Amino acid sequence: MSTSEQLKKLHDRFVVPTYAPDLLLVKGRGTKVWDAEGRSYLDFLAGIAVTNLGHGHPRLLRAIRQQSRKLMHVSNLFYNELQPKLAEALSQRSLGGKCFFCNSGAEANEALIKLARLWGQDQGRYEIITMRNSFHGRTLATLTATGQDKVKKGFAPLPEGFTYANFNDLDSVRQAISDKTAAILVEAVQGEGGIRPGRPDFIKGLETLCRQKNILLFCDEVQCGIGRTGHWFGYQRYGIMPDAIAMAKGLGGGFPIGAIATAPQVADVLQTGSHATTFGGTPLACAAALAVIDAIEAEGLLANASRMGDLFMEKLKQVAAKYAFIREVRGAGLMIGLVLNQPAKPLELWLRKQGVIALATAETVLRFLPPLTVRANEIRKAAKAVDHACAAWVAEAERPGPDDETARFKHLRLNAE
Ligand SMILES: *Cc1c(COP(=O)(O)O)cnc(C)c1O
């Protein structure tokens, strides 16, 4: 048995099967990763929008190495040298208020939910409106906030106080508002829900609605934040000012850290004793996040994300024009989805054979989230690989198999709407 087969066996025996991995990756550099057999791949997933600087970025490695030698963790019972600096950096690039640090996207959204409840309690407001097809995490409260039934199955009873509206449909949000509504939580660009950018009139309309009705507006920036769309945060594409945002994924470039950033008017709602987390904002995590912010600025990665996003979008549209089973290419910056007329998982696997890693999401969407450091030649290579993967898929579907009916059916699905 090969080492990788042994490891997979060990994994299956001792790791709870909440995921179903199939590829063993052992090292990475820049946009490239290698599997245990020595095959290399272009990593156009970046650990789901996490390794935004690519793999092994020198600035991030140096920051982690130096800080780990100096001080890793002291708890939030003490000041540390880096947490205030990171809070300042995030505040200056977002809403101008204060930050709370945690460890994940779900935990950041939990903090927003608790903030909304504390803020609204005197007025009897506690309901939070979220969007259908949204994704906010897997804790009990955040899976309840998530607008998808599949993450809720089997976990009843769910916490109360969540209502749902249709994304990009302002009327549906208006109808969901009651005198108990405390906040609206929205992704400016839905990620897991299939890379759906918010329409400008919708996102701006939410802000107006919230101001009129005295409701808090929260943006879940866990996937579309930290430069992903060519702006520090996805909401900034729309020129709005939410009351608070949640972030995580790309913030530490691979080192786990989450945060909320608030606007001044709600910066002191969460008070001493009202919320806490042991690992939140350790010197080590903050060193990693500060290095990510430095690198994004020093290397012009916001502009690169816009430019490379435009280039990839253009190239993918050329590919899409050749294949009837591709319905649409959509996204913002380096958050791009190829929308198919059928499940996208097979294309994910065909693309893998062409040496590119991407991820099927929302059933029919192939999602691309390359690092913000991605280069034009890598974009062109990946687009070519998508073309080849599509061609290989069609060729296989057209080859008459043992069951000719199935083959003909597959052929029809791939070549016609
Ligand atoms: C991934 C994601 C989350 C959950 O983040 P975790 O770190 O997995 O808890 C929340 N919101 C959005 C938009 C996400 O993409």
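The chain is numbered in sequence order, starting from 1. Predicted model only: the values in this text are computed from it and were never measured. For ligands, and for the atoms within them, numbers begin at 1 and follow the listed sequence.
Of the protein's non-hydrogen atoms, the one nearest atom 5 (O) of ligand 1 is Gly105 CA, 3.3 Å. Among all protein heavy atoms, the one lying closest to atom 9 (O) of ligand 1 is Ala106 N, 2.8 Å. Nearest non-hydrogen protein atom to atom 14 (C) of ligand 1 is Lys249 NZ, 2.9 Å. Nearest protein neighbour of atom 11 (N) of ligand 1, counting heavy atoms only, is Asp220 OD2, 2.7 Å.
Under the 30°/60° scheme for interplanar angles, the aromatic rings of Phe202 and Phe167 are found to stand perpendicular. In this pair, Phe233 and Tyr235 present their aromatic rings parallel. The plane angle is below 30°, not in the 30 to 60° band.
Distance check: Leu82 CG to Gln67 CD gives 5.0 Å after rounding to the nearest 0.5 Å. Note that the CD1 atom of Ile195 and the CZ atom of Arg330 stand 8.5 Å from one another [nearest 0.5 Å].
The minimum heavy-atom distance linking Ala89 with Ile293 is given by the pair CB-CD1, 4.0 Å.
Between Phe325 and Trp393, the gap from one ring centroid to the other is short of 6.0 Å.
Considering only residues two or more places apart in sequence or on other chains, Lys32 meets the side-chain hydrogen bond (donor to acceptor under 3.5 Å, both in side chains) condition with none of them.
Looking at ligand 1, you'll find an N or O of Phe135 within less than 3.5 Å of one of its N or O atoms.
Close approach to Glu187 involves these atoms of ligand 1, each under 4.0 Å from a residue heavy atom: 13 (C). Per-residue contacts place Asn109 under 4.0 angstrom from the following atoms of ligand 1 (heavy atoms of the residue considered): 10 (C), 11 (N). Near Ser104, meaning under 4.0 Å from any of its heavy atoms, are these atoms of ligand 1: 7 (O), 9 (O).
No part of Ile48 comes within 4.0 Å of ligand 1, judged by heavy-atom distances.
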